[in-house]
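Comments concern the structure below.
What's counted below: heavy atoms across the whole structure, side chains too, no hydrogens, waters or symmetry copies. All values reported here derive from a predicted model rather than from experimental measurement.
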Amino acid sequence: MKIPPQPRVLDELRKLMARKEMDVRLLARVINQDPGLTAILFKIVGNSAYRQHPPMSSVEEILHAVGVRQTFNLVQAISLAGLGGVKKNRQVYEAFWARSHTIAQMAMLIADERVAVCNIFPDQAYLAGIFHDCGVPLLMQRFPTYCAEMQLGAPGKWIDLADEDSKFNADHCVVGYLVARHWCLPEFICDAIRYHHSINDLGAHEARSMVAILQLAIEIHCVDQRMDNPEWDAIRGDVLPELGLSDDTLPEFVDIVLERFQGVANAP
């Protein structure tokens, strides 16, 4: 299985960020070389997770307001989701990335709402949200029958880990973890990707809060789409206390996240 290489823009940004004297103008120039990436970056910082900042009109302003490392995290996420080259199952592939973008945006909002409890920030949550299932498209490319066997084209269907393992002797969490390591993501985000279906096994692991954010984002996405979430009942007892929530406070919290999410989705 071929792990996708990092685009050149990320290499260039890393080199500039490693300099003793970091020049934000040079960083902005590198990002601006890719108009598609720049357009999505503006869309993400328009998310209400960044409501404390006034509207930003240039990449340089984004770097100053959001932060260099935080902007780099967002650029990494955009770069992965923008990788093309898929010929088969194009519709399923596009639906997969649409789902990942939605979950990533909801994760951003959860992180913003619960930052005092979790100490996880919107850029980190967005990065984890985009990468958390990135093993799936790689397995789609590796195994011609993966898409059909996992019923990825069926509305409301998602991967059953035991089924995936028995049919393909593969695990999209491990594949996603390898991609995250290869792309040099922060260690706790790599671990969150590896264990995002195993919060019960994580104990006091550093990645636990991020996994809780991802799982609640998935649950809110399912609520929004009126789909079943077969995992939720088994994990809610681990997820909610980690985020300082309870069964009583959850409905109102879901409403807050959806209201903020839909406000962004409906913005001109």
Side-chain angles (χ1 to χ4, degrees), residues 43-55 65-67 70 73-74 77 95 97-133 155-158 188-189 192-193 195-268:
K43 197 170 180 183
I44 294 169
V45 297
N47 186 300
S48 66
Y50 292 109
R51 61 189 168 180
Q52 73 271 32
H53 299 296
V66 175
Q70 291 81 352
N73 284 344
L74 298 177
W97 284 116
R99 175 185 181 274
S100 293
H101 273 296
T102 298
I103 289 169
Q105 288 187 55
M106 288 178 172
M108 281 180 97
L109 294 168
I110 295 166
D112 183 51
E113 289 284 342
R114 309 310 289 166
V115 68
V117 178
C118 303
N119 200 32
I120 286 175
F121 298 91
D123 60 286
Q124 297 171 328
Y126 188 83
L127 187 61
I130 288 291
F131 271 81
H132 81 287
D133 275 334
K157 281 283 183 186
W158 200 238
F188 82 102
I189 293 180
I193 292 161
Y195 296 107
H196 73 269
H197 287 294
S198 315
I199 191 168
N200 302 341
D201 305 329
L202 267 180
H205 196 287
E206 191 187 359
R208 189 178 173 86
S209 289
M210 184 65 87
V211 172
I213 287 172
L214 287 173
Q215 285 297 348
L216 184 55
I218 292 166
E219 167 62 8
I220 294 174
H221 172 60
C222 289
V223 168
D224 188 42
Q225 296 297 307
R226 295 178 171 79
M227 298 185 309
D228 281 339
N229 180 359
E231 275 188 273
W232 181 244
D233 283 343
I235 61 173
R236 67 188 297 153
D238 286 289
V239 169
L240 296 182
E242 186 65 27
L243 301 178
L245 296 167
S246 67
D247 285 324
D248 291 338
T249 57
L250 180 63
E252 186 185 353
F253 185 79
V254 171
D255 287 346
I256 289 166
V257 171
L258 281 175
E259 191 177 319
R260 290 181 65 186
F261 173 75
Q262 284 153 3
V264 172
N266 297 330

Please report, to 0.1 Å, the donor-acceptor pairs under 3.5 Å made by any side chain of residues 212-219, with sequence neighbours excluded.
residue : atom : partner : partner atom : Å
Gln215  : NE2  : His196  : O            : 2.4
Glu219  : OE1  : Asn229  : ND2          : 3.0

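For Arg51, the salt bridge (Lys or Arg N to Asp or Glu O under 4.0 Å) partners two or more places apart in sequence, or in a different chain, are Asp112, Glu113. Qualifying side chain to side chain contact (heavy atoms under 4.5 Å, CB included) partners for Gln225, counting only residues two or more places apart in sequence or in other chains: His221, Met227. Judged as a side chain to side chain donor-acceptor pair (under 3.5 Å), and not counting sequence neighbours, Asp228 has no contacts. Remark: Asp123 engages no residue in a salt bridge (Lys or Arg N to Asp or Glu O under 4.0 Å) (not counting sequence neighbours). With sequence neighbours left out, the salt bridge (Lys or Arg N to Asp or Glu O under 4.0 Å) criterion links Asp238 to Arg208. Annotation: ring-ring contact (aromatic ring centres under 6.0 Å, His included) contacts of Phe131 (sequence neighbours excluded): Trp183. For Asp201, there are no salt bridge (Lys or Arg N to Asp or Glu O under 4.0 Å) partners two or more places apart in sequence or in a different chain. Residues that satisfy the side chain to side chain contact (heavy atoms under 4.5 Å, CB included) test with Ala95, not counting sequence neighbours, are absent from this structure. Remark: Thr249 pairs with Ser246 by the side chain to side chain donor-acceptor pair (under 3.5 Å) rule, at least two apart or across chains.
At least one donor-acceptor pair under 3.5 Å links the side chain of His132 to the backbone N or O of Gly129. Between the side chain of Glu242 and the backbone N or O of Val239, no donor-acceptor pair lies under 3.5 Å.
Contact of the Val117 side chain with the Arg114 side chain is registered, since non-hydrogen atoms from C-beta on lie closer than 4.5 Å. Side-chain contact between Tyr126 and His101 is present, with heavy atoms from C-beta onward closer than 4.5 Å.
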Between His197 and Val211, is the side chain to side chain contact (heavy atoms under 4.5 Å, CB included) condition met? List the steps.
CA-CA 8 Å; His197 287 294; Val211 172; over 6 Å; no

